[in-house]
A.B. asks: 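To start, I am sharing the structure in question, which I have written as structure tokens.
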Amino acid sequence: MTFKILIEEIHSNLQKIIDEQNFPSVSFVVEPSKPNFGDVTCNIAFLLSKHLKKKPHDIALSISENYQKFLGEKVKKVEAHPSGYINFFANMTYLNEIILKDSMKNDYGDIDLGKKSKIIVEHTSVNPNKALHIGHVRNVVIGDTVSRLLRKANYDVRVLNYVDDSGLQVADIIVGFQHCGFSDNPHSNQKFAQYCGDEVYVKTTEKYSDDPSLEKKRSEILQDLENQNSDIAKFAETITKKILADQLETCWELGSTYDCLNFESQIIRSGLWNKIFEKMKELKLVLLEKEGKNANCWVIRGEKNEDDKILVRSNGTATYIAKDIPYAAWKLGILDDPFNYQKYTVQKDGKTLWQTTLNESSETKQNFFGEKVITVIDSRQSRLQKIITLLMSKFTSKENSYIHLGYESVTLSADTAKTLGLDTKGKQAQMSGRKGLYVNADQVIKLLKQKTLDETKKRNPELDDKSLEQIAHDVAIGTIRYEMIKQDLNKIITFDYEKSLSLEGDTAPYIQYTNARASRILEKAGFSPNFDVAFDLLQNEYEVNLIKLIGKFDLHVQDAANNLSPKVISKYCYHLAVAFNAFYEKVRVLDPENKTLTNVRLCLVTSFKSTLQKALYLIGITAPDKM
RNA sequence: GGGCUCGUUGCAUAGCUUGGAUAGUGCGAUUGCUUGCGGAGCAAUAGGUCGGGGGUUCGAAUCCCUUCGGGCCCGCCA
């Protein structure tokens, strides 16, 4: 029993009143009220006033009078506000108990949007020629959070990480290794991925302008990469696998896990392109241009004023976007699966990570397609993703089966850009892997860890190194994950070294600290509270506010999952923490003079902690008991 | 030129999907709170033409049109 059920009951009762009164059918909304306007509110009177030609307040009066017969254990009062809203007041003496007990169940907050249907989430997908930078982190965190949310909403989720191991960027570092004298086995303390990105990639691409022959070599390499048996392809595979391993280490540290790694090289060699190309021809989705600037090319017509998009060049080779089409179709199960599967590793959470192979495999065949696919890529790819979305909609009957979840990029503040040697004259700067203008993810994590380690040590001198390390990890990862999702997806994040280290206010450490406070109370109490008691003692405003918020967990899960909006959950966590801190400040829990009250308040603290942790789990944040 | 997107207080941001009741929050600033369960906290004060204009509506931060400003995308590159 939660506010969601309360709302559903009120909605259904109001519908009954509409039917009884023969009112016109309107799509009214029943939702939690703003503070001081009851607990639940409805806009039905506004909508009806248009049809009935009466004042909203009069209609509200009449409906609330009519509603009296439905009052009972859940709703104790209905009120027609002069503004026209109908406000409902929950019966908290009844709800206290239900909410607090329910919140202790493992499945608290679960909702059933997915009905166990299979859904694919693809995220991370960083070119395997470099280490992750702070912009990639946003992708990982959004993708991982959305996966967790969808699981909570009863979808059967599979997470894919696409490895573009045969693209231009990989070719660039191969040029570096083979023609510019960079060692593929450097004596260096830094990760191999970072070395490849910082040294080989940046410095090799710098040389193109001086030595045009290098670009020619690159295009030869690019061709060779598609041929499985070429020496180049074999060499590239060892390099990209090594880089991928380093990248995954960072992703795992961020708390993300995956189900399968897909390699572009294998998709190319699998022949999927020809199959989907034939299908597109059949459905007349692609046209062979007879004349004009795109003569002899296969194109997709642009919508409205947009240009046509070339899929196959006049020389018969496929363009970049053409590589994405078979993969998208494969994810939706539109094409027969040409792959076998091998185990890559078992991840920290116990989940097996698979990888595709075109070779024989002794492992049983897996499948990683779903009736819905969500692809997390930044919005600079919106145009291409729009074309793919449109194409996919022609192959399946279901609506919205392919979803591009876009997000704005992470840019660097003027100050941070300056530390990297770029004077932007006070403006923010776009990151660029090619130019070496980016902030390395591992480095940010390390910096945050050091800062939180120092803080924690100061406050908890008795803790051993292992515990300190764990806490520093939880707080550092919490901080970075929270910063990546707390604002809307289509708002640019300007990364600044100074500001990213802030641990106060609307941040993960604030929320984690609140959890530590709750833990401290429970620890000092010295016993687990008994939930088999009367909860009507909890009635001051701080207690009631907290209970109500706990009771709204599933509403926020629903909102977040429906809208694929991670920030909804981060906001919820923050509001829970704020409500607890007010309670903590004003209400003393441990009272030796009053055992009954202490027990019931300990129930509330326990419930809060349990709910907060469940909510934080959805955004991949762990709250330590001490920090 | 075309497409997408952002614009809410010094800075950052919520609310916009579903129009309605007092536009909420953080940082920064000023001030107060520890003989109390952890001050990574709490409370208070100052700060807002919701970019501008028009329209729809009894009612617009929210919907529509227009305009200005910022960002991104638009190759037979990937």
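Keep in mind that the numbers below use all heavy atoms, side chains included, and drop hydrogens, waters and symmetry copies. All chains are named by letter (A, B, ...) in the order of the sequence lines, taking the proteins before the strands, and each is independently numbered beginning at 1.
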A.B. asks: Between A:D378 and A:N139, is there a side-chain heavy-atom distance shorter than 4.5 Å?
C.D. replies: no
A.B. asks: Against the six-membered ring of A:F495, is A:R138 placed for a cation-pi contact (under 6.0 Å from the centre, within 45° of the normal)?
C.D. replies: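 Not flagged: A:R138 not positioned over aromatic ring of A:F495.
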A.B. asks: Once you round to the nearest 0.5 Å, how far does SG of A:C603 lie from CG of A:L537?
C.D. replies: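 It comes to 10.5 Å.
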A.B. asks: I'd like the C1' distance from B:C16 over to B:A23, given in whole Å.
C.D. replies: 12 Å
A.B. asks: With sugar-phosphate meaning primed atoms plus P, OP1 and OP2, does A:V170 contact a base, only sugar-phosphate, or nothing at under 4.0 Å between heavy atoms?
C.D. replies: nothing
A.B. asks: Hey, are the side chains of A:F583 and A:V605 touching, using non-hydrogen atoms and a 4.5 Å cut-off?
C.D. replies: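 Yes; the side chains approach each other to less than 4.5 Å.
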A.B. asks: Assign A:T456 to base, sugar-phosphate, or nothing according to its heavy-atom contacts below 4.0 angstrom with the strands shown.
C.D. replies: base
A.B. asks: Taking only the C1' atom of each, what is the distance from B:C63 to B:C50 in whole angstrom?
C.D. replies: 16 Å
A.B. asks: For B:G15, does the base pair up with any side-chain atom of A:K567 as donor and acceptor (N or O, under 3.5 Å, distance only)?
C.D. replies: no
A.B. asks: Does the B:A21 base have a donor-acceptor partner in the side chain of A:T41 within less than 3.5 Å?
C.D. replies: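 Checked by distance alone, the answer is yes.
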A.B. asks: Please confirm whether the ring centroid of A:Y510 lies under 6.0 Å from the ring centroid of A:Y574.
C.D. replies: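 Yes - the distance between ring centres of A:Y510 and A:Y574 falls below the 6.0 Å cut-off.
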A.B. asks: Please list, for nucleotides 42-45 of chain B, all pairs of protein and nucleotide N/O atoms separated by less than 3.5 Å.
C.D. replies:
unit_1: B:C42; atom_1: OP1; unit_2: A:Y510; atom_2: OH; d: 2.6
unit_1: B:C42; atom_1: O4'; unit_2: A:E585; atom_2: OE1; d: 3.4

A.B. asks: Would A:T317 and A:N315 count as having a side-chain donor-acceptor pair, cut-off 3.5 Å?
C.D. replies: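 Yes, side-chain donor-acceptor contact under 3.5 Å.
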A.B. asks: Atom CG of A:L503 to atom P of B:C27: distance rounded to whole Å?
C.D. replies: 12 Å
A.B. asks: OH of A:Y407 versus C1' of B:C72: gap in Å, rounded?
C.D. replies: 13 Å
A.B. asks: If the P atom of B:A40 is compared with that of B:U18, how far apart are they to the nearest Å?
C.D. replies: 44 Å
A.B. asks: Could you measure between the two C1' atoms, the one in B:G10 and the one in B:U57, and give it in whole Å?
C.D. replies: 36 Å
A.B. asks: For A:K571 and B:C16, give me the distance from atom NZ to atom P, rounded to whole Å.
C.D. replies: 12 Å
A.B. asks: If you compare all heavy atoms of A:P82 against all heavy atoms of A:H57, which two are closest, and at what distance to 0.1 Å?
C.D. replies: CA-ND1, 3.4 Å
A.B. asks: In this structure, how many angstroms lie between the C1' atom of B:G20 and the CZ atom of A:F28, rounded?
C.D. replies: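 My rounded result for the distance is 17 Å.
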A.B. asks: For RNA chain B, find the residues of residues 483-499 of chain A with a heavy-atom distance under 4.0 Å and give them by number; none if there aren't any.
C.D. replies: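 Hits under 4.0 Å, by residue number: A:Q487, A:D488, A:N490, A:K491, A:I492.
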A.B. asks: Decide if the gap between the ring center of A:Y162 and the ring center of A:Y327 is smaller than 6.0 angstrom.
C.D. replies: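 Close enough - the centres of the two rings lie under 6.0 Å apart.
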A.B. asks: Can you give me the closest heavy-atom contact between A:A318 and A:R313, atom names plus distance?
C.D. replies: O-NH1, 3.2 Å
A.B. asks: Please check: side-chain N/O of A:T204 versus main-chain N/O of A:Y201, any donor-acceptor pairing under 3.5 Å?
C.D. replies: no
A.B. asks: Work out how far the C1' atom of B:G59 is from that of B:U66, and round it to whole angstrom.
C.D. replies: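 Taking atom C1' in both B:G59 and B:U66, they lie 23 Å apart.
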A.B. asks: What string of B, S and - do you get for nucleotides 73-78 of chain B, 5' to 3', if B is base contact, S is sugar-phosphate-only contact and - is no contact with any protein heavy atom under 4.0 Å?
C.D. replies: SS-BSB
A.B. asks: Salt bridge or not between A:E220 and A:K217? Use side-chain N to carboxylate O under 4.0 Å.
C.D. replies: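 No, this pair does not count.
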A.B. asks: Which donor-acceptor pairs under 3.5 Å do the side chains of residues 566-573 of chain A make with protein atoms, sequence neighbours left out?
C.D. replies:
unit_1: A:K567; atom_1: NZ; unit_2: A:D488; atom_2: OD1; d: 2.4
unit_1: A:S570; atom_1: OG; unit_2: A:K567; atom_2: O; d: 2.9
unit_1: A:Y572; atom_1: OH; unit_2: A:L549; atom_2: O; d: 2.7

A.B. asks: Select one nucleotide: of B:U17, B:C37, B:G41, the one nearest the side-chain heavy atoms of A:V589.
C.D. replies: B:C37
A.B. asks: A:T411 and A:A429: which non-hydrogen atoms are nearest, and at how many Å?
C.D. replies: CB-O, 3.3 Å
A.B. asks: Can A:R434 and A:D172 be said to form a salt bridge (Lys or Arg N to Asp or Glu O under 4.0 Å), step by step?
C.D. replies: CA-CA 10 Å; A:R434 187 173 293 269; A:D172 282 327; 3.7 Å; yes
A.B. asks: Using atom C1' in both nucleotides, what's the gap between B:U34 and B:G28 to the nearest angstrom?
C.D. replies: 25 Å
A.B. asks: To the nearest Å, give me how far apart CG (A:L47) and P (B:C58) are.
C.D. replies: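 Spelled out: CG on A:L47 to P on B:C58 is 15 Å.
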A.B. asks: With a 4.5 Å cut-off on side-chain heavy atoms, are A:T240 and A:V163 touching?
C.D. replies: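 A side-chain contact is absent here, since even the closest heavy-atom pair is not under 4.5 Å.
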A.B. asks: Round to the nearest Å and state the distance from A:K55 atom NZ to B:G20 atom P.
C.D. replies: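 So the NZ-P distance, A:K55 to B:G20, works out to 21 Å.
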A.B. asks: Nearest whole angstrom, please: distance from the P of B:C37 to the CZ of A:R459.
C.D. replies: 17 Å
A.B. asks: Run through A:I387, A:L384, A:I388, A:T319 and flag the one making a side-chain contact (heavy atoms from CB on, under 4.5 Å) with A:D324.
C.D. replies: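 Exactly one candidate clears the test, A:I388.
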A.B. asks: Of the residues in residues 424-435 of chain A, which ones touch RNA chain B at a heavy-atom distance under 4.0 Å?
C.D. replies: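 Hits under 4.0 Å, by residue number: A:K427, A:Q430.
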A.B. asks: May I ask whether A:Y85 stacks on the base of B:A21, given the cut-offs of 5.5 Å between ring centres and 30° between planes?
C.D. replies: yes
A.B. asks: Which whole number of Å gives the distance between the P atom of B:G69 and that of B:G52?
C.D. replies: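 To the nearest whole Å, 15 Å.
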A.B. asks: Looking only at atom C1', what distance separates B:A60 and B:C65, rounded to whole Å?
C.D. replies: 14 Å
A.B. asks: Name the nucleic acid region contacted by A:N87, choosing base, sugar-phosphate or nothing; use a 4.0 angstrom heavy-atom cut-off, strictly under.
C.D. replies: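 Since a base atom lies under 4.0 Å of A:N87, the category is base.
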A.B. asks: Give me the atom names and distance for the closest heavy-atom approach of A:G167 to A:L225.
C.D. replies: O-CD1, 4.2 Å
A.B. asks: For A:S409 and A:H575, take the nucleotide of RNA chain B holding the closest heavy atom to each; which residue's nucleotide lies nearer the 5' end?
C.D. replies: A:H575
A.B. asks: Please determine if A:R383 and A:D307 form a salt bridge, counting it only when a charged side-chain N lies under 4.0 Å from a carboxylate O.
C.D. replies: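 No, A:R383 and A:D307 are not salt-bridged.
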A.B. asks: What's the closest nucleotide to the A:E31 side chain, out of B:G38, B:U18, B:U22?
C.D. replies: B:U18
A.B. asks: Inspect the contact between A:E8 and A:K4 and indicate whether a charged nitrogen and a carboxylate oxygen are less than 4.0 angstrom apart.
C.D. replies: yes
A.B. asks: Could you tell me whether A:P35 contacts a base, only the sugar-phosphate backbone, or nothing, with contacts defined as non-hydrogen atoms closer than 4.0 Å?
C.D. replies: base
A.B. asks: Whole angstrom is fine here: how far is it from CZ in A:F37 over to P in B:G20?
C.D. replies: 13 Å
A.B. asks: Once Watson-Crick and G-U wobble pairs under 3.5 Å are found, how is RNA chain B written in dot-bracket notation, 5' to 3', with | for any base paired to another strand?
C.D. replies: (((((((..((((......[...)))).(((((.......))))).....(((((..]....))))))))))))....
